[in-house]
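In this text, all values refer to a predicted model and were calculated from it rather than measured experimentally.
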Amino acid sequence: MRAMLLLAVLTVVPTGWAEEKTENKPAVDPALHPRVKMETTLGDIILELDAEKAPVTVQNFLQYAQDKYYEGTIFHRVMAGFMIQGGGYTAEMDKKDAGLRPPIKNEWRNGLKNARGTISMARMGGNPDSATSQFFINVVDNAQLDRPQQDGAAYAVFGKVVEGMDVVDKIKDTEVAEHPKLAMGKVAPVTPVIIKAVTLLDGMTLDQVTAAGKKLEEAAAMAKAELAKAFQSVLSDGHDIEGKKLESTASGLMYLVLKEGTGSSPQPTDKVEVHYTGWLMDGTKFDSSVDRGKATKFGLNQVIPGWTEGVGMMKVGEKRKLFIPYQLAYGEAGRPPTIPPKAMLVFDVELLGINN
């Protein structure tokens, strides 16, 4: 978190006011996790795609599949200690331009990781939103691809191999050499590994996947609007829906104590460990250690003033909701593209521990 929180634009899902509820959640539509079969000359690979977390990417991939664009393309870049990449070149190592669709948004901040067996979108360095048809399957854990590159973005995972990892490993271990048409070094398979077809399984159609994604998007928009209404209600009424009173400090920081703590409070120079989720006032969730499943540690004097003050007042074990005015956050300029100018921020914070 250092000078600012690690920002990750995430899909807003319905949550409780003080903390996320897990009971009575509706079953996930199977159309949001369609399976596809990728037939290759070395065997079949079954992939489960995640249209819940990467809707744009999955829609794009399935459109190419439905258009039969992938038929006859190859795995042109094979690196045994890294990944296998395909979907853009013919067996003659010519780039396939016919049928190429416009580039898509990079959905790298969806919480999915570039672990062994996951499928991600290939793109051009220096241009985060440049992915078209090419993809790669990770053959090892590639955590470095989850971190922003020099262009400010990482690589978007949109599914995983559920059957046929042995086929992926066959491709990984195929003999490679340099190719005069591919200036990437010794990565081109000597015997082309051809993709014969990519087809949806289980009777699923692209229209069904699209409809399920639209329904999810509508539900997310409704949840976002409800959350924004709840935030505004607290500022107007001075209480949350559970009757907890909104407190304020001389600096303008406002907060609700959601759960009392019993431990000690940190000093300004202490290092603290917290779980948190952050929203804009319009209900947009922009960052969450909870969603990542890993608590965050940082020096209390190394973050935005609203965090330094707000967390500094807490005791270990305490949970608060902080309403941080822009003067105590990222100021008049904001932190584009995630934090707009003069943005008040709302955080749920739990203080887990103090490290002196």
Side-chain angles (χ1 to χ4, degrees), residues 1-11 45 47-50 53-54 56-58 60-61 75-89 103-162 165 167-174 176 178 182-189 193 273 275-276 278 286-299 302 335 337-338:
M1 183 165 133
R2 304 305 181 268
M4 65 170 291
L5 297 174
L6 176 61
L7 301 178
V9 177
L10 302 170
T11 302
I45 302 167
L47 296 156
E48 181 182 296
L49 308 182
D50 196 333
K53 293 186 176 180
V56 173
T57 311
V58 170
N60 177 73
F61 182 82
F75 283 93
H76 62 276
R77 186 183 180 202
V78 171
M79 303 174 73
F82 185 29
M83 55 86 210
I84 59 174
Q85 181 174 334
Y89 286 80
I104 62 171
K105 173 186 175 183
N106 188 341
E107 296 179 301
W108 67 274
R109 291 179 275 201
N110 60 20
L112 301 176
K113 304 301 181 184
N114 281 275
R116 171 174 160 82
T118 56
I119 183 171
S120 305
M121 290 304 295
R123 63 177 182 83
M124 293 186 292
N127 188 350
D129 300 326
S130 59
T132 53
S133 66
Q134 292 187 41
F135 58 86
F136 61 90
I137 298 175
N138 290 288
V139 297
V140 297
D141 292 344
N142 286 313
Q144 73 276 14
L145 299 183
D146 300 324
R147 297 189 288 269
Q149 309 297 299
Q150 290 185 347
D151 55 23
Y155 288 82
V157 177
F158 64 100
K160 62 184 178 183
V161 176
V162 291
M165 199 61 200
V167 176
V168 172
D169 286 334
K170 285 181 185 178
I171 299 172
K172 165 185 73 84
D173 294 332
T174 192
V176 293
E178 293 184 6
L182 194 71
M184 295 183 181
K186 192 176 179 181
V187 297
V193 181
E273 181 177 7
H275 256 318
Y276 68 91
F286 60 84
D287 195 12
S288 177
S289 68
V290 177
D291 289 344
R292 291 194 295 274
K294 185 177 181 180
T296 298
K297 297 180 181 180
F298 58 92
Q302 297 176 337
R335 188 66 179 260
T338 309

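- The two residues Ala153 and Pro128 come nearest to each other via the heavy atoms CB-CB, 3.5 Å.
- The salt bridge (Lys or Arg N to Asp or Glu O under 4.0 Å) check on Asp169 picks up Arg116, with sequence neighbours excluded.
- Applying the ring-ring contact (aromatic ring centres under 6.0 Å, His included) criterion to Phe158, with sequence neighbours excluded, gives Phe61.
- Distance CG/Leu47 to CD1/Ile137: 5.5 Å, rounded to 0.5 Å.
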Phe82/Val187 under side chain to side chain contact (heavy atoms under 4.5 Å, CB included): CA gap, chis, key distance, verdict | CA-CA 11 Å; Phe82 185 29; Val187 297; over 6 Å; no

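- In this structure, Trp108 and Ser120 have side chains that are not in contact, with every pair of non-hydrogen atoms separated by 4.5 Å or more.
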Could you go through the side chain to side chain contact (heavy atoms under 4.5 Å, CB included) check for Ile45 and Ile171 one step at a time?
-> CA-CA 11 Å; Ile45 302 167; Ile171 299 172; 4.2 Å; yes

List the steps and the verdict of side chain to side chain contact (heavy atoms under 4.5 Å, CB included) for Leu182 and Tyr89.
-> CA-CA 10 Å; Leu182 194 71; Tyr89 286 80; 3.8 Å; yes

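- Without hydrogens or angle criteria, Gln149 side chain to Gly126 main chain gives no donor-acceptor distance under 3.5 Å.
- Legend: residues meeting side-chain hydrogen bond (donor to acceptor under 3.5 Å, both in side chains) with Glu273, ordered by chain and number and at least two apart, are absent.
- Sorted by first and then second residue, the salt bridge (Lys or Arg N to Asp or Glu O under 4.0 Å) pairs with a member in residues 124-137 form an empty list; sequence neighbours excluded.
- Judged by distance alone, the side chain of Glu107 and the main-chain N or O of Thr57 form a donor-acceptor pair under 3.5 Å.
- Taking CZ of Arg77 as the start and CE of Met79 as the end, the distance is 5.0 Å to the nearest 0.5 Å.
- The main-chain N or O of Gly87 is found under 3.5 Å from a side-chain atom of Ser133 such that the two form a donor-acceptor pair.
- The distance from atom CZ of Phe136 to atom CD1 of Ile84, rounded to the nearest 0.5 Å, is 11.0 Å.
- Under a 3.5 Å cut-off, the side chain of Asn114 and the backbone N or O of Tyr155 do form a donor-acceptor pair.
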Step by step, work out the side chain to side chain contact (heavy atoms under 4.5 Å, CB included) result for Leu112 and Thr118.
-> CA-CA 9 Å; Leu112 301 176; Thr118 56; over 6 Å; no

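- We find the CE-NZ distance between Met165 and Lys172 to be 8.5 Å, quoted to the nearest 0.5 Å.
- Side chain of Asn106 to main chain of Ala154: a donor-acceptor pair is present (N/O by atom type, distance under 3.5 Å, no hydrogens or angles).
- Within the structure, salt bridge (Lys or Arg N to Asp or Glu O under 4.0 Å) pairs that include any residue of residues 138-148 do not occur (at least two apart or interchain).
- When the options His275, Lys297, Lys294 are evaluated for a side-chain hydrogen bond (donor to acceptor under 3.5 Å, both in side chains) with Ser289, the one that passes is His275.
- Sorted by first then second residue, the salt bridge (Lys or Arg N to Asp or Glu O under 4.0 Å) pairs that include residues 151-160, not counting sequence neighbours, are Arg123-Asp151.
- Contact between Pro189 and Val78 at its shortest, heavy atoms only, is CG-CG2, 3.7 Å.
- For Asn60, the side-chain hydrogen bond (donor to acceptor under 3.5 Å, both in side chains) criterion is met by no residue, not counting sequence neighbours.
- Looking at residues two or more places apart in sequence or on another chain, you find a side chain to side chain contact (heavy atoms under 4.5 Å, CB included) between Thr132 and Tyr64, Leu100, Pro103.
- The side-chain hydrogen bond (donor to acceptor under 3.5 Å, both in side chains) check on Glu178 picks up nothing, with sequence neighbours excluded.
- Distance alone, capped at 3.5 Å, places no donor-acceptor pair between the Asp291 side chain and the Ser288 backbone.
- Side-chain atoms of Asn142 never come within 3.5 Å of backbone atoms of Leu145 as a donor-acceptor pair (strictly under, hydrogens ignored).
- Annotation: the span from Met83 atom CE to Phe75 atom CZ amounts to 10.5 Å, rounded to 0.5 Å.
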